[in-house]
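Some notes on the structure that comes next.
Below, chain A is the first sequence line, B the second, and so on; all start at residue 1. In this text the structure is predicted, and so the values were computed from the model without any measurement.
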Protein chains: 2
Amino acid sequence: MTEEMLDALDRAGVRLTGPRRKLAALIERREGHFTAADLLKDAGRRRMGIGRATVFRLLELLSEQGLVERIDLPDGTHAYIPCEPTHHHHLVCLNCGATTDVDDCGIEAVTREAARRSGFKIEQHRLELFGRCPDCRSAN
Amino acid sequence: MTEEMLDALDRAGVRLTGPRRKLAALIERREGHFTAADLLKDAGRRRMGIGRATVFRLLELLSEQGLVERIDLPDGTHAYIPCEPTHHHHLVCLNCGATTDVDDCGIEAVTREAARRSGFKIEQHRLELFGRCPDCRSAN
DNA sequence: GGATCTCTTGATACCTAGTCTCATGGTTCC
DNA sequence: GGAACCATGAGACTAGGTATCAAGAGATCC
């Protein structure tokens, strides 16, 4: 995953600097979704001396490359999820924050139907699913 | 629509005060989605003397009652949409901001399939569709 | 209709997430 | 090894939203 990110940055034509490598490693160690503040705290604890702006800049780069996606949690806060750079949707555990990707499983039919009924030409969509992951389901 | 909002506030057991009535009327005059700042500007132009906090407080109340929903536009900004208090999804015009509601048209099957594949128990979902409305499509 | 109690208000301070600026420092490439 | 340029951290700034609080407006009861 770290390799994947560094490759993507390389392909994007930006430099593989120290801060970027360190942050990529921190993202890899994270499980589930995280906020920019989480990452900054991680970096702070390890005395990495990485600035706020650098964190946001890397997240922006990664999200342009599709390796990270920003989602809107049900409580209105934003979080980032590491993911594959193909079109897909996220399933987020409301309990532990774990995420998995779901590829297109029928959403095309839904958008086509919505387009037909409304007369809109649909160009983008966003689908986010929230629930309980298998671990949290069996835990209680 | 204004009536609907005032009724809902009444049912929610809160007072139908002057500022709330005025804001409800302003929301009614809006077309498509709007931000809290838009509403505040509207009120300012009419010298209504309504505070920022009051605007956010009303939007929160209305959203608890399901008469307004907060969505995340593709550019990452937030906007509010007046809508019916039933479960549904939004179709947003990327050009003019017009919105329409789409009721469930097959999304259940998608969530069931995602649940089956992932082992998650899906409790909530959010689907937002973006595109061009009929007017904007014919305009260019 | 007035007194009273409570809810709501606007002002203001504050907060979080994110962006912009800029001088300094690290990379790349020749 | 040096020049050019990209990336960095610090800190100011912005937007969107929340918390606090004294004062004002609604509802209620008589």
Value in whole Å for how far the [atom2] atom of [N] lies from [atom1] of [X]:
| X | N | atom1 | atom2 | answer |
| --- | --- | --- | --- | --- |
| A:K22 | D:dA7 | NZ | P | 16 Å |
| B:R20 | D:dA27 | CZ | P | 10 Å |
| A:L61 | D:dA7 | CG | P | 8 Å |
| A:L39 | C:dT16 | CG | C1' | 16 Å |
| A:L9 | D:dA7 | CG | C1' | 12 Å |
| B:L40 | C:dA11 | CG | C1' | 13 Å |
| A:R21 | D:dT8 | CZ | C1' | 16 Å |

Legend entry - Carboxylate-amine/guanidinium contact B:D42 B:R29, below 4.0 Å: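 No, this pair does not count.
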Inset, instruction - Considering only NZ, NE, NH1 and NH2 on the basic side and carboxylate oxygens on the acidic side, decide whether B:R116 and B:E113 come within less than 4.0 Å. - result: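 Yes, this pair counts.
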Inset, instruction - Check every strand shown and say whether A:G49 touches a base, only sugar-phosphate, or nothing at a heavy-atom separation below 4.0 Å. - result: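 Here A:G49 touches the backbone only, sparing every base.
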Would you say the side-chain atoms of [X] pair up with the backbone N or O of [Y], donor to acceptor, closer than 3.5 Å?
| X | Y | value |
| --- | --- | --- |
| B:R117 | A:V102 | no |
| A:S118 | A:A114 | yes |
| B:D38 | B:T35 | yes |
| B:R20 | B:L58 | no |

If you restrict it to nitrogen or oxygen atoms, what contacts under 3.5 Å exist between nucleotides 15-19 of chain D and the protein, and what is each distance?
unit_1 : atom_1 : unit_2 : atom_2 : d
D:dG17 : OP1    : B:R70  : NH1    : 2.6
D:dG17 : OP1    : B:H78  : ND1    : 3.4
D:dG17 : OP1    : B:Y80  : OH     : 3.4
D:dG17 : OP2    : B:Y80  : OH     : 3.4
D:dG17 : N7     : B:R52  : NH2    : 2.1
D:dG17 : O6     : B:R52  : NH2    : 2.8

Legend entry - Student check: side-chain heavy atoms of A:L127 and B:I107 closer than 4.5 Å: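 Yes, side chains in contact.
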Inset, instruction - Using a 4.0 Å cut-off on protein heavy atoms (strictly under), produce a 5'-to-3' string for nucleotides 23-30 of chain C with B for base contact, S for backbone-only sugar-phosphate contact, and - for none. - result: ---BBS--
Inset, instruction - Check the side chains of A:H78 and A:D72 for a donor-acceptor pair under 3.5 angstrom, ignoring hydrogens and angles. - result: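 Short answer, yes.
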Inset, instruction - Indicate the ring-plane relationship of B:H87 and B:H125, choosing parallel, tilted or perpendicular according to the 30° and 60° boundaries. - result: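 Aromatic pair B:H87/B:H125 classed perpendicular.
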